[in-house]
Asker: 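Before we start, here is the structure in question, set down as structure tokens.
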Amino acid sequence: MRILFLGDIVGKPGYSAVLKHAESLRKQEKLDALVVNAENASDGSGLMPRQYKRLLEAGVDAITLGDHIYRCKEIIPVLETSKRMVKPANYPGEATGRTWTVVETPAGPLGVISLLGRVYMRPVDCPFDAVDAAIEEIGDSAKHILVDVHAEATSDKQVLGRYLDGKVTAVLGTHTHVPTADAHVMEHGTAFICDVGMSGPYDSIIGRDVRRVMQTTRSFEPSHFHVATRDVRLCGAVIDSGKSGLATSITRFELAIED
Ligand SMILES: [Fe+2]
Ligand SMILES: [Fe+2]
């Protein structure tokens, strides 16, 4: 199975680029599955139902989110019924959304799980227990499983990656919006990267207008952080895996979008 996973779609620049390129990427990269993290799609925070719909129409198979999952409250009814989108599996049981999903691909079923980290983040339930439960529930329904680890600290992601080595196809980091240079297949066959980077404007502070963020950081006066516009790139990782569900390779993916 060949999967492309794209990191946090940020605002209109990232969202439009995914819509525009999803179909050609599927063909050019000979993808069986396209999975995206869309937690920042709506003006930098959250995902709107119409965006959800258009991403699927454009050729996205499954969507993960993160700490901004409920920022657009309109998405909550969609999360209640959608089989193409998951909530962080270590959110409380009361939180709306499913803890895992399985989508059909030409190379067989693919399980998708999202987890939130616990270092420098709002307290959440144990990601280790949550992912164990999700993998058990997926059971025989999918040999291939992609786990999005949405976390701030590289160490937090590495521990989860090592814990899941040999149990899933890939553990792919999101949330920091900055790609890391550590993509590799671990000892027991799970592909790993600390952060795939965002799909959005890189002439920015993690996707936001530099001047606004600078002013607010220095003055402590709050302001709205506009989504930046320049140097848009789609960033992610391409993972190949065999029939066993374990990875044979992981390659960082980066596509610069021309203005
Ligand atoms: Fe994000
Ligand atoms: Fe995030």
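For ligands, and for the atoms within them, numbers begin at 1 and follow the listed sequence.
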Asker: Determine which of the N, O or S atoms in His175 is closest to the Fe ion (ligand 2) and give its atom name.
Answerer: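 This residue's closest N, O or S atom turns out to be ND1.
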Asker: Roughly how far, to the nearest 0.5 Å, is CZ of Phe5 from OG1 of Thr169?
Answerer: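 These two atoms lie 13.5 Å from each other.
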Asker: Look at the N, O or S atoms of His150, main chain and side chain alike, and state whether any lies under 2.8 Å from the Fe ion (ligand 2).
Answerer: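 His150 does place an N, O or S atom closer than 2.8 Å to the Fe ion (ligand 2).
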Asker: Looking at Asp67, which of its N, O or S atoms is the nearest one to the Fe ion (ligand 2)?
Answerer: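 It is OD1, the N, O or S atom of Asp67 closest to the Fe ion (ligand 2).
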Asker: About how large, to 10 degrees, is the angle NE2 of His177, then the Fe ion (ligand 1), then OD2 of Asp8?
Answerer: 90°
Asker: Assess the side chains of Asp32 and Thr105: does a donor N or O sit below 3.5 Å from an acceptor N or O?
Answerer: no
Asker: Test the Arg212-Phe225 pair against the cation-pi criterion, namely NZ or CZ under 6.0 angstrom from the six-membered ring centroid and within 45° of the ring axis.
Answerer: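 No, Arg212 and Phe225 do not form such a contact.
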Asker: Specify whether an N/O/S atom of Asn40 falls short of 2.8 Å from the Fe ion (ligand 1).
Answerer: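 So Asn40 counts as coordinating the Fe ion (ligand 1), yes.
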Asker: To the nearest 0.5 Å, tell me how far Asp61 CG sits from Glu104 CD.
Answerer: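 Between Asp61 CG and Glu104 CD, I get 10.5 Å after rounding to 0.5 Å.
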Asker: Check all N, O or S atoms of Glu39 and name the one closest to the Fe ion (ligand 2).
Answerer: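 When I compare the N, O and S atoms of Glu39, OE2 is nearest to the Fe ion (ligand 2).
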Asker: Say whether Thr216 and Ser223, considering side chains only, have a donor N or O and an acceptor N or O under 3.5 Å apart.
Answerer: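 There is such a pair between these side chains.
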